[in-house]
Amino acid sequence: MSNIPIRRLIVIVWIAGLPCGRSLATPGPRTDGLVAQWAFESLEKSAGRTVTADLASDRRDEVRGHSRLQEGVRGNCMVLNEYDSELVRPAGSGSLINSKAFTFEAWIAPRSYPWNWAPIIMQRDETAGFYFGIDGDGRLGLHVVVGGKWLECNSEMPFAGLLTEHQWNSDSRKWQYFGPGKPPHPEPFGDKTAKPTIPLLRWSHVVGTFDPAAGIRIYLDGKQLATTAAQGEMTPAVTSELRIGRDTRPMRPTHTERPKNTNPFNYSFDGLFDEIKVHDRALSAKQVEAAFQQVQPRVAKPLEYRKIPTGPAGPGKFGACHTRLNYDADYDRQWPIGPQQDVVVRFDEHAFKLVFWHGINNYPVWYAENDIGLMWEAVETSGPLGCHEAMMDRQCRYSHVRIIENNDARVRIHWRHAPCNIEYGLAHVDPVTGWGDWCDEYLTVYPDGVAARELVHWCPRPTSRHTYEQDNFIIPTGMTPAEVLDKEAITLANLDGDESKLDWARNGQPEGKTIQNASILKYNIKATAKPFMILHPEMAKVAIEGNGKPWPHCFFWWNHWPVSAIPSDGKQIYMVDGRPSSTSVSGNTYTTNHALNERTENSLRQLWLVGMTKDKSAGGLAPLARSWSRPPGIAVVSGGVTPEKYSLGQRCYELTCKAPVVQPVEVAIAASKESPVVNIPLVFRNFGDAEVTLEVDEKPVPRGKDFRYAHEGSLDGVNLCVWIRLESMKPVRLKLIPATKE
C-alpha cells in the first residue's frame, strides 16, 4: 500500500464512492430487482440517432426531439418540451416488466401541466400494458390492465366534485359532465383555490407500485396519495413501444370548452425528468420513503415560468421599432421567421408600451409597467369548426404587421390579417374569386398614449353576423384573473362624465348603478397604468359579461390563447397551470349600417379610441371622448390651407396646402365644453419641408414634449405632422410659422 502514489490513491477512492448507477464501467446484470434506470447523465450520437443509457441493462434508447441536459437531482437530468420530446424503445423489444409486481420511481419537475395525460413512462395499447404519468389537472396516476380492464389509481382532483369529464360551457356559464353516472356538481368552488397534486417548477419524487394482492398505489415525496384494489396479474403490452415523456395517443385537452372545435394531438411532458427507475417488485411504503430520503435535489426549484416578451422596460424614445421578440428556445425554434417580425411602440413619458408579437398572432397588446396586457380583439365570425378570428391563426399565416409612419408626432401601424378557423380555413369564401374575410387595421398612436383604431373589414358578405371587439387580458404565467383585475374590474362613463363602477365579486356578473349612454370603459387592472377604450356612441354600445361564479372565480379564464399552439377554439381553466392565460369582461356590440361605417358591397369599417392612462378616471376621459366623437370645427384664418373632414380613424385634423408653405398658417379651433380639444394632432398635406415654430393664442410654444412635429414624405409631396399638448374648452388659435430659407 505504501508504494501506491497519493494521486492514484485519491482517484481510486473517488471512483469507489460514486453513487449507485454512476459507475464508470459498463454495468453488468443487476441483482437488486432494478430492471431499468435512466439517469440521463449524457446524450450520445449513435448511427445518426441521439441515445441515452439504461444503466440497469446497458441498452441505448433513442431520445427524440429537442431534448437536452441540465443539472438535475444529482448529476444531469433531461429537459423535455411539450412539442416533440420523448424517449423511445421500439416495439418488439418485449415487455419492460413482469406481470406480477413492479414499481416505477422518478424525479420530475413540470414547467407546465400537460394538456391531457403525459407519460413519465408507458408501454401500452388499448387492451394491455401500463401507464405512469401526470395529467392536465396536475394529478399523478398509475394505470394498468388487469383481467382485460384498465384500472386507474389517481391522486385527487384539485377541486372536489370536478372530474376529468367536466367541460366548461361558456353559453350556459357552467361545467357540464360528459361521463357515466351523475357525479357531484363541481360548483361553486367557493373562496378556495385549486390544489393540484404535483407542484410546478419544483422537484417531486413520484412512485407507483403494483402488486396483485395489495393493488395499485401511488406516492409523492415518500407519502402515499391513493390506492386502488386490483386482483390478478397485469397484462403486459409485449408488442408496444416503451415511451418516456410523450404519449402515443392523440387526445383533446382536458376540460375543452367546445370539444368538436378542438383537434386531438399528441402531448409531451414539459419540464425535467431524472432518475427514472423500474423495479421488478412492489416497494413497500417504508422502502418508498427511504428512496425519497436517500437522494435530495441540490436545487429544489430548478425552473422558472416562461415570460411573454414585451420589449424593454420603462420609458424610451417615442416611436416604433421592428424587432423579433423571443419567448422560449423550444417555442421560438418552430418559427421560420426573420429578425423584423414584431413591432414595439414605446413612449418617452410612460412606462407602458404597445406590442405586436407573432406569438400572440400580432394582436396589438397594451402592456402596463408590470406586463399585465390587454388587447381588443378584431373581427370574429363562426363556421363548422368554430370561431373564425385572428386568434386561431397560430402560425401567423395571414397576419402581418408593418410600420407605415414613425416620427416624433405620431406612429402609424398597419396590421393585415384574416379571420380563420383552427385548420386555417377562411370565412365566407367567395366560390368564384376565392377571397374570404380579410381585415386591414390601422392604429395611429400619439405621445399621450392614445391611439385611434380603424378597422376596415373586407367581406364578400358584410351583412353576415360578425363581432368586432372583445377585450382579452394577457395574464402573466403564474397569476390568476383575480390577481390581474380588481373586483370592480371596469368603470363605465358617458360623455357627460357620469361614472359607474362594476363589481363582479358577489355573483360573477357585473353589478353597478345604471348610467345612460355609456361609451367609455376604463379597465381596473392591478397596475399603475390602466387601459381604456372609447366607443363612438353612434356606432357601438357597451356590453359587459361575467361567468356567474363568485370571487375569486368570477372571471372567465382560458389558456388555449395566448402563445399556445394547440388547435383549439376554447379551453377553460381554473388554476395556474404554468402557461400564460387570458380573461375577458366585455364584448361590445357594433352597428354595421351607420353612415360612419362607410359600408360598400364588400367592406365596412369600425372605429375606436384606445390607450392607457395613469391619472385619468373614467369620467376624466370624457373630454377626450368628446374631442374625438364630437370634434370642434376648424377654420383657416390665413395661409392658403384647406381643411378636410376630421379623421376619426386617425384622431386628427387633416388640411391640404395648395403649395409648399412659405407664409404663416393660422387656424382657429372652435373648442367648447361640448366639443373640447384634448391634445391636438394635425396633418398638413403637401406642407413642404420647412421647419416651423408654433404660437398658441399668440404665445410661443417651444419645440419639445408639448409641441412635436415631423415631416413625412409621400408621392404627392412632403406632409407635416403636428402634435400639441393642449386641453381647452374654449376656442384656440394656432399659428405655424415656417422658417425662412436662406
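All heavy atoms count here, side chains included; hydrogens, waters and symmetry mates do not. Source: prediction; values computed, not measured. Numbering of residues begins at 1 and proceeds along the displayed sequence.
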Peer 1: With a 4.0 Å cut-off on N to O distance, would you call Asp577 and Lys571 a salt bridge?
Peer 2: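 Salt bridge absent between Asp577 and Lys571.
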Peer 1: Answer yes or no: is there a side-chain heavy-atom contact under 4.5 Å between Glu304 and Leu201?
Peer 2: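 With C-beta onward as the side chain, the pair stays apart.
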Peer 1: For Ile566, what residues pass the side chain to side chain contact (heavy atoms under 4.5 Å, CB included) criterion, not counting sequence neighbours?
Peer 2: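 Scan of Ile566 (side chain to side chain contact (heavy atoms under 4.5 Å, CB included), adjacent residues dropped) gives Trp115, Pro253, Phe265, His560, Ser564, Ser568.
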Peer 1: In the structure I gave you, are the side-chain heavy atoms of Arg74 and Val295 within less than 4.5 Å of one another anywhere?
Peer 2: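 A side-chain contact exists here, since the closest heavy-atom pair is under 4.5 Å.
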Peer 1: Between Gln176 and Asn169, is there a side-chain donor-acceptor contact under 3.5 Å, judged purely by atom types and distance?
Peer 2: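 The answer is yes; a qualifying pair exists.
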Peer 1: Say whether, by atom type as modelled, one donor and one acceptor occur between the side chain of Arg111 and the main chain of Leu80 under 3.5 angstrom.
Peer 2: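 No, Arg111 side chain to Leu80 backbone: no donor-acceptor pair under 3.5 Å.
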Peer 1: Does the pair Asp330/Arg68 count as a salt bridge with the N-to-O cut at 4.0 Å?
Peer 2: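 Salt bridge flag = yes for Arg68 with Asp330.
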Peer 1: Are Trp357 and Tyr327 an aromatic pair by the rule of ring centers under 6.0 Å?
Peer 2: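 Under 6.0 Å, so yes.
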Peer 1: Classify the ring geometry between His166 and Trp175 as parallel (under 30°), tilted (30 to 60°) or perpendicular (over 60°).
Peer 2: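 Rings of His166 and Trp175: perpendicular, as their planes differ by over 60°.
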Peer 1: Would you say Asp247 and Tyr131 are linked by a side-chain donor-acceptor pair, where the criterion is simply a distance under 3.5 Å?
Peer 2: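 Short answer, yes.
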Peer 1: Between Met392 and Asp569, is there a side-chain heavy-atom distance shorter than 4.5 Å?
Peer 2: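 The answer is yes; the side chains approach within 4.5 Å.
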Peer 1: State whether Glu82 and Arg579 are salt-bridged, where the test is any N-O pair (Lys NZ or Arg NE/NH1/NH2 against Asp/Glu carboxylate O) under 4.0 Å.
Peer 2: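 Yes.
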Peer 1: Would you check if there is a donor-acceptor pair between the side chains of Trp558 and Glu257 at a distance under 3.5 Å?
Peer 2: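 Yes.
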Peer 1: Do the non-hydrogen side-chain atoms of Glu275 and His205 ever get within less than 4.5 Å of each other?
Peer 2: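 Glu275 vs His205: side chains apart.
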Peer 1: Between Ser581 and Asn559, is there a side-chain donor-acceptor contact under 3.5 Å, judged purely by atom types and distance?
Peer 2: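 No, no side-chain donor-acceptor contact under 3.5 Å.
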Peer 1: Side chains of Lys307 and Asp328, heavy atoms from C-beta outward: is any pair under 4.5 Å?
Peer 2: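 A side-chain contact under 4.5 Å is absent here.
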Peer 1: If only atom types and distance count, is the side chain of Gln123 paired as donor or acceptor with the main-chain N or O of Gly94 below 3.5 Å?
Peer 2: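 Here the side-chain-to-backbone pair exists.
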Peer 1: With heavy-atom distances below 4.5 Å as the criterion, would you say the side chains of Gln296 and Trp107 are in contact?
Peer 2: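 Yes, close enough: below the 4.5 Å cut-off.
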Peer 1: If I compare all heavy atoms of Ala101 with all of Asp211, which pair ends up nearest, and what's the gap?
Peer 2: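 Looks like CB-OD2, 4.2 Å.
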Peer 1: Identify the two heavy atoms, one from Ile120 and one from Ala106, that lie closest to each other, and give their separation to 0.1 Å.
Peer 2: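 The pair with the smallest heavy-atom distance is CG2-CB, 3.9 Å.
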Peer 1: Looking at Asp135 and Arg139, is there a salt bridge between them, counting it only when a charged N and a carboxylate O are closer than 4.0 Å?
Peer 2: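 Salt bridge present between Arg139 and Asp135.
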Peer 1: Given the rule in the side chain to side chain donor-acceptor pair (under 3.5 Å) test, do Asn421 and Glu423 qualify, once you have shown the distances and angles that lead to the verdict?
Peer 2: CA-CA 5 Å; Asn421 60 29; Glu423 296 182 351; 6.0 Å; no
Peer 1: Please check if the side chain of Thr103 supplies one atom and the backbone of Arg281 the other of a donor-acceptor pair under 3.5 Å.
Peer 2: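 Present.
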Peer 1: If only side-chain N and O atoms count, and only distance matters, is there a donor-acceptor pair under 3.5 Å linking Asn361 with His417?
Peer 2: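 Distance-only check fails for His417 and Asn361.
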Peer 1: Counting only N and O atoms by type, is there a donor-acceptor contact under 3.5 Å from the side chain of Arg252 to the main-chain atoms of Thr262?
Peer 2: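 The answer is yes, because a donor-acceptor pair under 3.5 Å joins these two groups.
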Peer 1: With sequence neighbours left out, what residues match Asp137 under salt bridge (Lys or Arg N to Asp or Glu O under 4.0 Å)?
Peer 2: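 In terms of salt bridge (Lys or Arg N to Asp or Glu O under 4.0 Å), with neighbours along the sequence ignored, Asp137 is linked to no residue.
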Peer 1: Return yes if some donor-acceptor pair links the side-chain N/O of Glu483 with the main-chain N/O of Thr480 below 3.5 Å, else return no.
Peer 2: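 Side chain of Glu483 to backbone of Thr480: a pair is present.
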Peer 1: Can you sort out the partners of Val144 under side chain to side chain contact (heavy atoms under 4.5 Å, CB included), two or more places apart, ordered by chain and number?
Peer 2: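 Result, side chain to side chain contact (heavy atoms under 4.5 Å, CB included) vs Val144: Phe102, Phe130, Leu142, Val146, Phe210, Ile216, Met234.
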Peer 1: Would you say the side chain of Cys77 lies within less than 4.5 Å of the side chain of Gln70, judging by non-hydrogen atoms?
Peer 2: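 Gln70 vs Cys77: side chains touch.
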Peer 1: Name the residue from Arg89, Arg59, Lys277 that meets the salt bridge (charged side-chain N to carboxylate O under 4.0 Å, His left out) definition with Asp54.
Peer 2: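 Only match with Asp54 under salt bridge (charged side-chain N to carboxylate O under 4.0 Å, His left out): Arg89.
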Peer 1: Would His143 and Asn154 satisfy side chain to side chain donor-acceptor pair (under 3.5 Å), going step by step from the backbone distance to the final call?
Peer 2: CA-CA 8 Å; His143 309 161; Asn154 301 319; 2.7 Å; yes
Peer 1: Within the side chain of Tyr398, is there an N or O that forms a donor-acceptor pair under 3.5 Å with the backbone of Tyr424?
Peer 2: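 Such a contact is found between Tyr398 side chain and Tyr424 backbone.
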